2 protein chains.
Amino acid sequence: MSIRKRHPDPRRLILDTALALFTRHGYFNCSVHDIRKTADISIGAIYHHFPSKESIAKALYDDLVSQMSGAISDVIENDQSLEERCRAVFCLLFELTEEQPDRMSFILHARHREFLPSEPPVCSARPFRLMRDLVKEGMDQGVLRPLDLTLASACLFGPPIRMIQLRLDGLIEEPLPLNLEPLFQAAWRSVAA
Amino acid sequence: MSIRKRHPDPRRLILDTALALFTRHGYFNCSVHDIRKTADISIGAIYHHFPSKESIAKALYDDLVSQMSGAISDVIENDQSLEERCRAVFCLLFELTEEQPDRMSFILHARHREFLPSEPPVCSARPFRLMRDLVKEGMDQGVLRPLDLTLASACLFGPPIRMIQLRLDGLIEEPLPLNLEPLFQAAWRSVAA
DNA sequence: GTCTATACACGGATAGAC
DNA sequence: GTCTATCCGTGTATAGAC
């Protein structure tokens, strides 16, 4: 009947489509029928792979958080100086924003608690904890001033996160990595010993 | 019939109720019937005062943005030093967060574009422009280092905004004003000349 | 201006054939 | 595993009495 070829990995197709639609229009503005149309697949197929619309969002969320955790861990777990590792995290976040804005947007922007009520706030998720741990380590080493941990994390990572939000909202024109160096230096200076 | 007294200002009642429900459960998780129930008013009354659910959100948004603009303007338009005025903005934001978390949350957190599609992103709204202007002035005066304006704004106001988000998400226990001084000093140091 | 009752569309989810 | 057709609850909005 239909001309379309079967997708080799329908689950992936559904997730990718949902991610694009969710970030562009918002979870509640996308019906499962929209996903069906965009992915050129049937409702039945979707509900075969996922029990509910919410479970699609949940799967996306879990995937993305764990990918991001992995990426950050990789960057952190080398033997460079703490400052270098922090800069590398900035760099990673900026590159992810440019290369996969939908993913970044879904993680950062989406108010997950509105559609994943049982999920704790993003900022308590692993990627953010890793950044916090980095700050802790810096204080223990003495390269960062002794400050409240949350406060110091906000000072160091608040600026790049804000830049990312602005970029995703279309309020910054140039790619973020162009501003990496001055931004990092300014943010670092706010907490450096 | 009903025991309830007529509210003197039903429009206000509707807006206040909607704000509370929207911030707590999210715009799309609240039906007009929920507002009706909570406000102890009839659907008819609601639709008498507002043409649509969306228009309630729009009215709320406009009110809050203009209140916030006013508050920031007041704080900025005195003759203190630029540093003092920036500190005062931090202070204002923190106090608003404590005293009117719903309002702050609605302005900062809500993804307005999901339900107010024609609205530009919050961060291009007047309150944020005022903060940016402040940074501009600081550079012109030479008290702030010459940096890209957006970048410097993110460095100065990114940290407090992040603290507010964390506080609203329940990830910070203590009232924000307690941390005003160390936070301001750290953020200021990142851009000070 | 406020009320109740109701229209009507939409969206999530299911049934059951292939 | 994928499809189409359909169910049914929910939610916005309207009608029309008071």
Side-chain angles (χ1 to χ4, degrees), chain A residues 1-61 110-112 114-119, chain B residues 1-61 110-112 114-119:
Chain A
M1 215 85 228
S2 159
I3 301 177
R4 68 182 176 242
K5 276 192 294 199
R6 277 250 195 70
H7 194 277
D9 184 353
R11 194 189 139 89
R12 225 353 337 120
L13 171 66
I14 294 165
L15 287 176
D16 290 343
T17 308
L19 174 62
L21 292 177
F22 289 171
T23 52
R24 246 178 277 293
H25 309 294
Y27 177 83
F28 291 101
N29 288 321
C30 299
S31 67
V32 179
H33 290 276
D34 293 333
I35 300 176
R36 182 197 68 70
K37 261 179 288 184
T38 309
D40 192 24
I41 201 178
S42 75
I43 286 267
I46 295 176
Y47 278 97
H48 174 76
H49 291 280
F50 297 94
S52 67
K53 181 186 177 186
E54 188 177 312
S55 74
I56 299 178
K58 179 83 168 79
L60 266 179
Y61 182 76
R111 305 259 61 219
H112 302 104
E114 287 190 14
F115 52 89
L116 297 176
S118 59
E119 208 63 30
Chain B
M1 218 86 224
S2 159
I3 300 177
R4 67 182 176 243
K5 276 193 293 198
R6 277 247 197 72
H7 194 278
D9 184 353
R11 193 189 138 90
R12 223 0 333 123
L13 171 67
I14 293 165
L15 287 176
D16 290 344
T17 308
L19 175 62
L21 292 177
F22 288 170
T23 51
R24 247 179 275 293
H25 309 294
Y27 178 83
F28 292 100
N29 288 322
C30 299
S31 67
V32 179
H33 288 280
D34 293 333
I35 299 176
R36 183 197 68 71
K37 260 179 287 184
T38 309
D40 192 24
I41 201 177
S42 74
I43 285 267
I46 295 176
Y47 278 97
H48 174 76
H49 291 282
F50 297 95
S52 66
K53 181 186 177 187
E54 188 178 311
S55 74
I56 300 178
K58 178 83 169 78
L60 266 179
Y61 182 76
R111 305 260 59 218
H112 302 104
E114 286 190 16
F115 53 90
L116 297 177
S118 59
E119 209 62 31

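Chain identifiers are assigned alphabetically (A, B, ...) following the order of the sequence lines, protein sequences preceding nucleic acid strands; residue numbering begins at 1 within each chain. Predicted, not measured: the structure shown is a model, and the values here were computed from it.
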Contact state string [nucleotides 11-17 of chain D, B base, S sugar-phosphate only, - no protein heavy atom under 4.0 Å]: SBBB---

Distance test, side-chain N/O of A/H7 to OP1/OP2 of D/dT2, below 4.0 Å: no

Contact summary for B/K53 and B/Y27, nearest pair of heavy atoms: NZ-O, 2.9 Å

Value rounded to 0.5 Å, distance of CG in B/L19 from CD1 in B/I35: 10.5 Å

Interatomic distance where CZ belongs to A/F115 and P belongs to C/dG12 [whole Å]: 13 Å

Whole angstrom value for the distance that separates P of C/dT2 from CD1 of B/I46: 11 Å

Sub-4.5 Å side-chain heavy-atom contact between B/F115 and B/H112: yes

Main-chain N/O of B/S31 paired with B/D34 side-chain donor or acceptor, under 3.5 Å: yes

Gap between atoms NZ and P, on B/K37 and C/dT4 respectively (whole Å): 14 Å

Between C/dG12 (C1') and A/I56 (CD1): distance, integer Å: 11 Å

Separation of atom CD1 in A/I35 from atom P in C/dG11, rounded to whole Å: 12 Å

Side chain B/K58, main chain B/E119, donor-acceptor under 3.5 Å: no

Nearest-angstrom distance from the residue atom NE2 of A/H48 to C1' of D/dT4: 17 Å

B/H7 side chain reached by B/I41 side chain, heavy atoms, under 4.5 Å: no

